[in-house]
Amino acid sequence: MYAFCKIKGYTLGFISSETISLIREKADIISVVGEYVHLISSRNTYKGLCPFHKEKTPSFTVSPEKQIYHCFGCGKGGDVFSFLMNIEHLTFPEAVRFLAAKHGIEIPKEYDPEADKRSELYRVLDQASKLFEEALNTPEGQIARDYLEQRHISEETVKKFRIGFAPDSWDYLTSRIGKNQQILEAMAKVDLVKPRKENTGYYDTFRNRLMIPIFDIHGRVSGFGGRVFSKDQEPKYLNSSESDTFLKRNMLFNFREALPTIRRQNAAIIVEGYMDVISLWQSGITNAVASLGTALTTEQIDLLARNVKNDEKNDGKLYFCYDADGAGQEATMRAIARQKGSPVNARVVVWDKPEYKDPDEYIKGEGVESFKKLLEKAEDIYTFLVNKRTKGMKYPLEIPVKEKIIQEFKELVLEMSPIAKRDIVRMLSQRLDIEPNILEKEFESKSSQSREFANKAKIVSPALNADVQRQEWVLKYLLEQPAELEMVKAMLTTEDFSDNRLRAIYEAICLHQDTAGYTLKPAEILAMLDDDDLVSRLSELITTLEDRPEVPFKECIQGLVRSRLEMKLKLLQNRIREAESSGDDTAILQASMEQLETKRQFDMLVNSH
């Protein structure tokens, strides 16, 4: 039976709540979250680095039993739908449709959620990719096939990456896909075509280029990188512009395919170009990725850091493997700056043979085993920076030069572990001819100031008081025992919840469980909340359902009622004093009667304990 359904503020039409629940159950939250976060089993839950804020110690928890997630660091929480909404910036209907399609759950057309605005964009992108693949095998595509042969890219690899060719034509795509204005506008939104001047139509964005599709984490074509065939063409790579499907700072080329190897080897290789990734893959190195025509972003580093383990037992690594030329070295320095503060061990591949400028050339010249040895010899970022900064210095060094180098490394030292700091001091003391203890004092002066400032800035949250703990326990009890709601409602009122958020959650539980006949699961109640603050608080409660006080539940309720009555007696006493001061006999009598009744209730509660 279908009923009008409105969840998270979105009207889904006449779709049954049973269907929503079925999708939630089928779309295992561990599998969905696991596509974005490397989760590690921890008793009955899974933990990982939060994808919504930067952290070094995992505080992001996912419960397969309760089908919810919660981060104890930033407070983000919810069910499988809200996770997709937050990480992919989807609406609730889009998240529902996506998961339904992925798990083969058909939603009848008349009950379908509102149209997914991006579905048409993904459709035209996939059509374009297939047309580029077809064009590669035409006579006109010979130039692209020659180029691939020159780069020693096999036919199998071409098919694996769905490499194609954009003919030297202004309307290759527009004449084949752009059947109407609506489709042409969708093509323009994802930068497949551009509008002509004075609104006289559209022309193809990519012409006479090798076309490399870029896939998102779900395997959908999200954009393209088009590479030239000769050095006199500019730019070397023409990438799709930012769009609703192509968010460059959050995505990496080949991330979906590389992810299993990244997790298995606990390491990722970041290279400069798409062809480097493809060449490495063909050589059997399948954990390489590349940024999308821009400098590496903190979001991309965080994405990789979440999928390698870095703790006392595991040493996850990010290898910066950029080209040996000036631009490549600048990219390395920018990547190191972005990596600052990331909970992962970053290392820099240092080219030992000047005749090779990138991974592709190195493997072709020296072989894949030599490249693997190059990875093994990669320098940690601190050693790399010291070597780079002190390379070619003329000795003896002048004092201003020493002071400048020390100043440059002061900020870096603040981010280091004690072991890394010790090694930096040792290396710099040798290069600068300064006693290690003097260098340590120079660094310590800045570090002490920073620590003092950090300690002052730290805000320590006060411990939860007894009443809030009782309120939490009542809600946890009702989440697990919804059939007991009527009993609890007979004993408590909303006034017994002094915490505003907990009171709102109690009201929501009462409202939705009453409507559903006390059958809703915690994740279903969570999905019905519109307020992000309440979602965060409730997801925290659900995640910690097992943490209960030793006090019996009845005593917990009595404690809440007692607190309310004590507070009411204090307020009534104040009202009596104010009335006595003003000489208002009527107000005195009324407050006194209320005080007597409240005392009677209080005495009954105490005597029943």
Side-chain angles (χ1 to χ4, degrees), residues 121-179 183-184 186-187 190-194 202-216 219-241 245-246 251 253-258 271-283 286 288-290 292-293 358-361 363-364:
L121 305 183
Y122 286 114
R123 190 181 67 80
V124 296
L125 283 164
D126 191 63
Q127 281 185 307
S129 185
K130 290 174 180 175
L131 285 171
F132 290 144
E133 289 179 86
E134 290 177 11
L136 181 64
N137 296 307
T138 64
E140 196 176 355
Q142 186 64 51
I143 185 174
R145 296 197 298 276
D146 289 345
Y147 174 81
L148 291 168
E149 185 177 350
Q150 175 193 339
R151 296 293 297 260
H152 305 289
I153 304 299
S154 69
E155 187 176 339
E156 181 184 355
T157 302
V158 168
K159 289 180 180 178
K160 171 68 180 175
F161 286 89
R162 291 184 61 181
I163 297 172
F165 169 65
D168 193 7
S169 167
W170 294 95
D171 64 352
Y172 177 70
L173 291 182
T174 54
S175 62
R176 289 165 173 78
I177 304 177
K179 303 297 184 183
I183 295 176
L184 285 168
M187 293 171 71
V190 291
D191 201 27
L192 289 173
V193 300
K194 295 184 183 296
Y202 295 85
Y203 64 90
D204 287 10
T205 300
F206 299 98
R207 302 179 302 280
N208 197 33
R209 287 178 179 267
L210 188 77
M211 297 303 295
I212 302 171
I214 297 159
F215 301 92
D216 66 9
R220 300 173 297 190
V221 179
S222 297
F224 291 93
R227 198 196 190 286
V228 298
F229 300 110
S230 61
K231 293 181 179 180
D232 57 346
Q233 284 182 272
E234 290 293 340
K236 179 179 177 181
Y237 276 105
L238 178 63
N239 290 286
S240 298
S241 301
T245 67
F246 195 53
M251 301 171 66
F253 176 67
N254 195 48
F255 179 70
R256 175 184 169 85
E257 295 299 322
V271 298
E272 199 166 332
Y274 306 152
M275 293 304 295
D276 290 322
V277 171
I278 293 169
S279 178
L280 286 171
W281 180 283
Q282 185 170 275
S283 301
T286 56
V289 296
L292 307 177
D358 58 37
D360 180 39
E361 289 186 2
I363 286 178
K364 286 182 173 64

Would I163 and M211 satisfy side chain to side chain contact (heavy atoms under 4.5 Å, CB included), going step by step from the backbone distance to the final call?
CA-CA 6 Å; I163 297 172; M211 297 303 295; over 6 Å; no
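- Between the side chain of R145 and the backbone N or O of L136, at least one donor-acceptor pair lies under 3.5 Å.
- For the residue pair S283 and I363, the shortest heavy atom distance occurs at OG-CG2, 3.4 Å.
- Annotation: K364, atom NZ; neighbour count of heavy atoms from other residues, nucleotides and ligands within 6.0 Å is above 12.
- Identified under the salt bridge (Lys or Arg N to Asp or Glu O under 4.0 Å) test for residues 156-165, with sequence neighbours left out: D126-R162, E133-R162, E155-K159, K160-E257.
- For D276, there are no salt bridge (charged side-chain N to carboxylate O under 4.0 Å, His left out) partners at least two apart in sequence or on another chain.
- Although no hydrogens or angles enter the test, the distance criterion places no donor-acceptor pair under 3.5 Å between the side chain of D216 and the main chain of T245.
- Within the 4.5 Å cutoff, no side-chain heavy atoms of L173 are placed close to those of F206.
- For S222 against L125, the heavy-atom pair with the smallest separation is O-CD1, 3.6 Å.
- Atom CD of E134 sits about 10.5 Å away from atom OG of S129, to the nearest 0.5 Å.
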Pair D171, Y203 - check side chain to side chain contact (heavy atoms under 4.5 Å, CB included), show working.
CA-CA 6 Å; D171 64 352; Y203 64 90; over 6 Å; no
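- Proximity of F224 to F246: side-chain heavy atoms (C-beta onward) are nowhere separated by under 4.5 Å.
- A cation-pi geometry, defined here as NZ or CZ lying under 6.0 Å from the six-membered ring centre and within 45° of its normal, holds between R220 and Y122.
- The distance from the CG atom of L192 to the CG atom of D204 is 8.5 Å, given to the nearest 0.5 Å.
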Run the side chain to side chain donor-acceptor pair (under 3.5 Å) check on Y172 and R176 step by step: do they pass?
CA-CA 7 Å; Y172 177 70; R176 289 165 173 78; 4.6 Å; no
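- Looking at every heavy atom in both residues, Y274 comes nearest to A290 through CD2-CB, 4.3 Å.
- The two atoms that bring Q282 and H152 nearest to each other are NE2-O, 2.5 Å, heavy atoms only.
- In this structure, the side chain of T157 does not engage the main chain of I153 through any donor-acceptor pair within 3.5 Å.
- For the pair E140 (side chain) and F165 (backbone), a donor-acceptor distance under 3.5 Å is absent.
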Side chain to side chain contact (heavy atoms under 4.5 Å, CB included) for I183 and M187? Distances and angles first, verdict last.
CA-CA 6 Å; I183 295 176; M187 293 171 71; 4.0 Å; yes
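- Among all heavy-atom pairs drawn from T174 and Y202, the shortest one is CG2-O, 4.1 Å.
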Chi angles and distances behind the side chain to side chain contact (heavy atoms under 4.5 Å, CB included) call for N208, I143
CA-CA 9 Å; N208 197 33; I143 185 174; 4.3 Å; yes
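- Looking only at side-chain heavy atoms (C-beta outward), R151 and S279 stay at 4.5 Å or farther from each other.
- L210 has its side chain within reach of M275: a pair of non-hydrogen atoms, C-beta onward, lies under 4.5 Å apart.
- No side-chain donor-acceptor contact under 3.5 Å links S241 to the backbone of D191.
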Test log, rule side chain to side chain donor-acceptor pair (under 3.5 Å), inputs Q142 and D146
CA-CA 6 Å; Q142 186 64 51; D146 289 345; 2.7 Å; yes
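- The CG atom of D360 lies 7.5 Å from the CG atom of L280; values are rounded to the nearest 0.5 Å.
- Nearest heavy atom pair, residue V221 against residue P213, reads CG1-CB, 4.2 Å.
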